[in-house]
Amino acid sequence: MITDDRLRSLAGFVALVATVGVAVDTAMAADAFESWLGGVRREARRKGVKPATLNAALSGLRPIPKVIALSQRQPEFTLTLDRYLQIVLTDERIAKGRERYKRHQAVLRKISRRHGVPPKYIVALWGIETKYGSITGGFPVVGALATLAYQGGRRRFFRSELMNALKILDQGHITADRMMGSWAGAMGQNQFMPSSFLAYAVDGNGDGRRDIWGTLPDVFASSANYLRRVGWRRGEAWGREVRLTGRFNRSLVNSRRYQTVSARSHLGVRRLDGGPLPVSNIKGRVIMPIRHGGRSFLVYQNFRVIKRWNNSDYFAIAVGMLADRIAAPNDR
Ligand SMILES: [Ca+2]
């Protein structure tokens, strides 16, 4: 028969074994991560990153459990277009966009002239990505990328982004403690991945650093440069919501070809208020995104450019519509 005392000591023993077991597991996991990090360090050194940069960025680094949890989250049920636009195009986001557009007019105009991208799109991207810099993600980028490069489904991709992040630190644009971003490593006020940063970020205020975390001219110039470099067509808009009449050839919906809007192929495409489209040489195509709720859009080639930023019809429509709510459609 087991006495209460013996039961207690047995329970204590079991608990002790469990605790030691967890501690051993944790220590082993820490060792495994540490030795993996040694490989990262060697690779970065071969790529020319300075030891001081690596010490500052990698010392004491540990995987971030919350990053693992977020990366394993199931994709959400696909929203309808209406619901998505309700969530994204709030009155608050529109009002703040107008206010920011006015407040930063001078610098936006300067950057817009240089890159040929209208200010309202620069502000709209900023508003949709991070609510004008207010929600940039609270994760240290190096820690988040190291976590995803160490364990997870896309290790090669995240390891290469981790190398890019270390290069950015090495170039002195930002310090490791200020290099914050989303759980997946999208950085700063316009949520550039490190590879996009290296390819497209520019110094907007001329201080020699590309700071998309805290320097607005750098944020704006980097977004504008990105759009220009992936093919923004100066002087053209993104598109517009339209109404299709019975004369429109429905087989052209979601066709990949852009055709001159005033051509016969666009017969039956009307403005949302039913009026005729303005006569123009611009090329477009009619799309109805998934779960469109009957809404259709005539999109121009800059729509495709916005999708190079984020390959989603919903996203590109939201950016275009927010831009048009921030400033008149003829501001381009
Ligand atoms: Ca700068």
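Just the heavy atoms: all of them, side chains too, but no hydrogens, waters or symmetry mates, feed the values below. Order of appearance sets the numbers: ligands from 1, and atoms from 1 within every ligand. Index from 1, following the sequence.
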OD1 (Asn205) to the Ca ion (ligand 1) to OD2 (Asp218), nearest 10°, is 120°
- Which class fits the ring pair Phe197 and Trp213: parallel under 30°, tilted 30 to 60°, perpendicular over 60°? tilted
| In terms of ring plane angle, is the pair Tyr314 and Tyr84 parallel, tilted or perpendicular, where the classes change at 30° and 60°? | tilted
Per residue Asp207, nearest N, O or S atom to the Ca ion (ligand 1) is named OD1
Legend entry - Six-ring centre of Tyr200, Arg229 cation under 6.0 angstrom, axis tolerance 45°: no
Presence of N, O or S from Gly206 under 3.0 Å of the Ca ion (ligand 1) | no
query = Measuring to the Ca ion (ligand 1), does Asp211 have an N/O/S atom at a distance below 3.0 Å?
reply = no
Tell me whether Arg154 forms a cation-pi arrangement with Phe157, defined as NZ or CZ under 6.0 Å from the six-membered ring centre and within 45 degrees of its axis. yes
Among the N/O/S atoms of Asp203, the Ca ion (ligand 1) lies closest to OD1
Should we say atom CG of Asn281 is surrounded by more than 12 heavy atoms from elsewhere, each under 6.0 Å from it?
no
